[in-house]
Chemist: 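I have a structure here, written as structure tokens, and I will follow up with some questions on it.
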Amino acid sequence: MDNAATTFVDSRVIDAMLPYFSEEWANPGGNYYTSKRAKAAVNNAKEVIAEIIGAKPSEIYFTSGGTESDNMAIKGIYYGNSPYRNHLITSAIEHKAVLSTCNYLKNQGASVTVLPVDHNGFVSVQMLNRAINRRTSLVSVMMANNEIGTIEDIKAIADVCNKHGVYCHTDAVQCFGHIPINVNNLGIDMMSISSHKLHGPKGVGAIYIKEGTKIHPIIHGGGQENGLRSGTENVAGIVGLMAAAKLAADNMENDYKYCFRLRNYLADELKAAFPDCKINGPDPTIDGNGLKRLPGNLNVSFGSMNGATLVSKLSERGICTSSGSACSQSKKGPSHVLTAIGLDSHMASSALRISLDTTNTYQEVDYLVTSLKEIL
Ligand code: PLP
């Protein structure tokens with residue numbers, strides 16, 4: 001029940017990848033027939049992913065995952081547009097791949113505005129509008145939050161950016177493959193995706209970069225990916241990402257409905273069992289709110305036990321959950337996301353994140369609720 005941290009690789013994805021470890025192992029940069037086949041596989045993956053998000057194949061660049069894509073967007077725009085346009089805007093609930101990158105650039109001379117969010121994790125478009133100035137080059141606001149599942153109004157955010165001529169990047173790592181995304185309809189310039197959140201392999205991702213974007217590479221070398229991301233392409237990984245994206249797109253409607261209902265069932269059961277618990281992020285037990293957060297995501301504070309202790313007690317019963325994001329488990333102190341939505345440190349430290357997938361069952365949810373009753 002920690003599918004926001006990562007997902008298993010679908011056997012159909014593995015099948016699609018296998019030939020690229022054995023027969024089709026050539027370097028896509030070569031000039032002979034086997035290389036051309038490897039290159040064709042990479043190009044085909046660009047076409048498939050581009051079609052899913054409404055982009056052009058030439059606007060898709062493969063990376064090593066969400067973290068690299070976020071770094072590439074933020075550092076790439078900063079290096080391509082500073083020193084004059086050195087102002088970056090982001091939100092308080094971003095993943096560390098965005099926040100730490102902005103902080104790093106701050107030490108190099110960037111001016112960074114971190115927008116606060118409301119009690120459900122939403123960025124205010126009015127506040128964003130006021131924060132943009134003549135030196136702003138980039139706004140980076142995530143499409144869906146990894147801890148509380150809040151789905152931001154990226155179209156409204158991109159509209160403000162376009163009005164001011166400012167680049168708009170969104171980290172869609174948690175929602176690509178789970179909710180429909182069309183980059184043109186949204187009006188964004190860049191979008192980060194990662195394969196391992198949708199049953200693809202780890203260590204591969206992509207970034208959509210709109211044609212004409214003034215961006216510098218952050219990895220230099222052999223000039224692959226149109227000079228923007230050097231390094232021999234991870235052909236098997238790229239094929240895996242493509243296969244996972246295709247499966248996710250084909251099954252999205254049913255998968256969405258299943259996870260949505262299972263999550264709402266869990267929320268109802270928890271509220272019945274623990275009337276004082278607090279659902280963090282848009283409360284799906286309130287009409288219309290379920291649509292405002294990722295379908296399988298629930299984040300609950302019980303107040304009575306530390307989240308890390310709860311996670312370990314659930315683990316003893318064979319249940320895998322988390323008390324924050326996977327990457328912040330080792331970090332001391334309450335989650336920056338929960339603090340940003342206004343939780344005091346006691347409630348923020350007692351949060352449990354449950355992220356469900358289509359392979360989770362109603363029986364498993366019942367077992368979780370029973371276990372929580374016994375533990376708490
Ligand atoms: N951004 C978000 C919102 C995430 O949830 C994650 C992973 O947890 C990342 C970025 C980093 O992605 P990756 O693990 O592919 O580097």
Side-chain angles (χ1 to χ4, degrees), residues 1-9 13 49 60-75 90-104 114 117 121-123 140-152 154 157 169-179 181 188 190-208 218-219 229 231 234 237-238 240-242 244-245 248 280-281 293-299 320-331 335-338 340-341 351 353-357:
M1 296 182 166
D2 194 23
N3 292 283
T6 197
T7 55
F8 67 89
V9 184
V13 171
I49 293 167
I60 307 297
Y61 299 82
F62 292 114
T63 66
S64 65
T67 301
E68 186 187 327
S69 297
D70 286 345
N71 271 263
M72 190 165 161
I74 300 165
K75 290 179 186 160
T90 189
S91 89
I93 60 164
E94 297 299 309
H95 190 271
K96 292 289 176 188
V98 167
L99 288 176
S100 301
T101 303
C102 289
N103 247 334
Y104 169 79
V114 179
V117 292
F122 290 105
V123 167
S140 180
V141 173
M142 69 202 316
M143 198 172 286
N145 184 267
N146 46 306
E147 292 188 36
I148 55 174
T150 305
I151 300 174
E152 301 289 340
I154 294 297
I157 288 168
H169 164 251
T170 188
D171 175 337
V173 167
Q174 284 291 333
C175 55
F176 173 69
H178 300 285
I179 61 172
I181 299 173
I188 54 179
M190 282 168 290
M191 180 172 85
S192 302
I193 65 181
S194 176
S195 144
H196 73 104
K197 309 289 186 183
L198 53 139
H199 301 289
K202 294 169 186 53
V204 60
I207 180 165
Y208 155 75
I218 59 164
I219 295 182
R229 203 281 189 174
N234 173 6
I238 288 168
L241 165 58
M242 183 266 304
N280 302 315
R293 71 189 295 153
L294 288 169
N297 169 288
L298 198 68
N299 189 309
C320 305
T321 57
S322 101
S323 55
S325 68
C327 343
S328 62
Q329 292 287 307
S330 53
K331 189 183 95 275
S335 135
H336 69 283
V337 175
L338 299 178
I341 62 169
R353 177 185 73 176
I354 302 137
S355 42
L356 303 169
D357 180 51

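In each ligand, atom 1 is the first atom listed, and ligand 1 is the first ligand listed. Position 1 is the first residue of the sequence, and the numbers go up from there.
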Chemist: For Val173 and Asn146, what are the C-alpha separation, side-chain angles and deciding distance, and is it a side chain to side chain contact (heavy atoms under 4.5 Å, CB included)?
Modeler: CA-CA 8 Å; Val173 167; Asn146 46 306; over 6 Å; no
Chemist: Please identify which atoms of ligand 1 are closer than 4.0 Å to at least one heavy atom of Met142.
Modeler: 3 (C)
Chemist: Which atoms of ligand 1 sit under 4.0 Å from any heavy atom of His196?
Modeler: 13 (P), 14 (O), 15 (O)
Chemist: Mind checking whether Val173 contacts ligand 1 via backbone (N, CA, C, O), side chain (CB onward), both or neither, at a 4.0 Å heavy-atom cut-off?
Modeler: side chain
Chemist: Within a distance under 4.0 Å of any heavy atom of Asn146, pick out the atoms of ligand 1 and give their elements.
Modeler: 3 (C), 5 (O)
Chemist: Determine whether the side chain, the backbone, both or neither of Val98 has a heavy atom under 4.0 Å from any heavy atom of ligand 1.
Modeler: neither
Chemist: Under the rule for side chain to side chain contact (heavy atoms under 4.5 Å, CB included), what residues qualify as partners of Ser100, not counting sequence neighbours?
Modeler: Lys96
Chemist: Return the minimal non-hydrogen interatomic distance between Thr90 and Val98, and the atom names on each side.
Modeler: OG1-CG1, 3.4 Å
Chemist: Any atom of ligand 1 sitting under 4.0 Å from a heavy atom of Lys202?
Modeler: no
Chemist: State the atoms of ligand 1, each with its element, that fall below the 4.0 Å cut-off from a heavy-atom position in Thr67.
Modeler: 11 (C), 12 (O), 13 (P), 16 (O)
Chemist: May I have the step-by-step check of side chain to side chain contact (heavy atoms under 4.5 Å, CB included) for Asn145 and Gln174, ending in yes or no?
Modeler: CA-CA 7 Å; Asn145 184 267; Gln174 284 291 333; over 6 Å; no
Chemist: Any N or O on Ala4 sitting closer than 3.5 Å to an N or O of ligand 1?
Modeler: no
Chemist: With heavy-atom distances below 4.0 Å as the criterion, list the atoms of ligand 1 near Asp70.
Modeler: 1 (N), 10 (C)
Chemist: Which of the atoms in ligand 1, numbered in the order shown and given with their element, are less than 4.0 Å from a heavy-atom of Ser194?
Modeler: 13 (P), 15 (O)
Chemist: With atoms numbered from 1 as shown, which atoms in ligand 1 lie under 4.0 angstrom from a non-hydrogen atom of Gly65?
Modeler: 15 (O)
Chemist: On a heavy-atom basis, which atom in His196 and which in Ala5 lie closest, and how many Å separate them?
Modeler: CE1-O, 3.3 Å
Chemist: Between Ala92 and Leu99, which heavy-atom pair has the shortest distance, and what is it?
Modeler: O-CD1, 4.0 Å
Chemist: So, Thr101 versus Asn71: side-chain donor-acceptor pair below 3.5 Å or not?
Modeler: yes
Chemist: Using heavy atoms and a threshold below 4.0 Å, how should the contact between Glu68 and ligand 1 be classified: side chain, backbone, both, or neither?
Modeler: neither
Chemist: Heavy atoms, side chains only, cut-off 4.5 Å: are Lys75 and Tyr104 in contact?
Modeler: yes
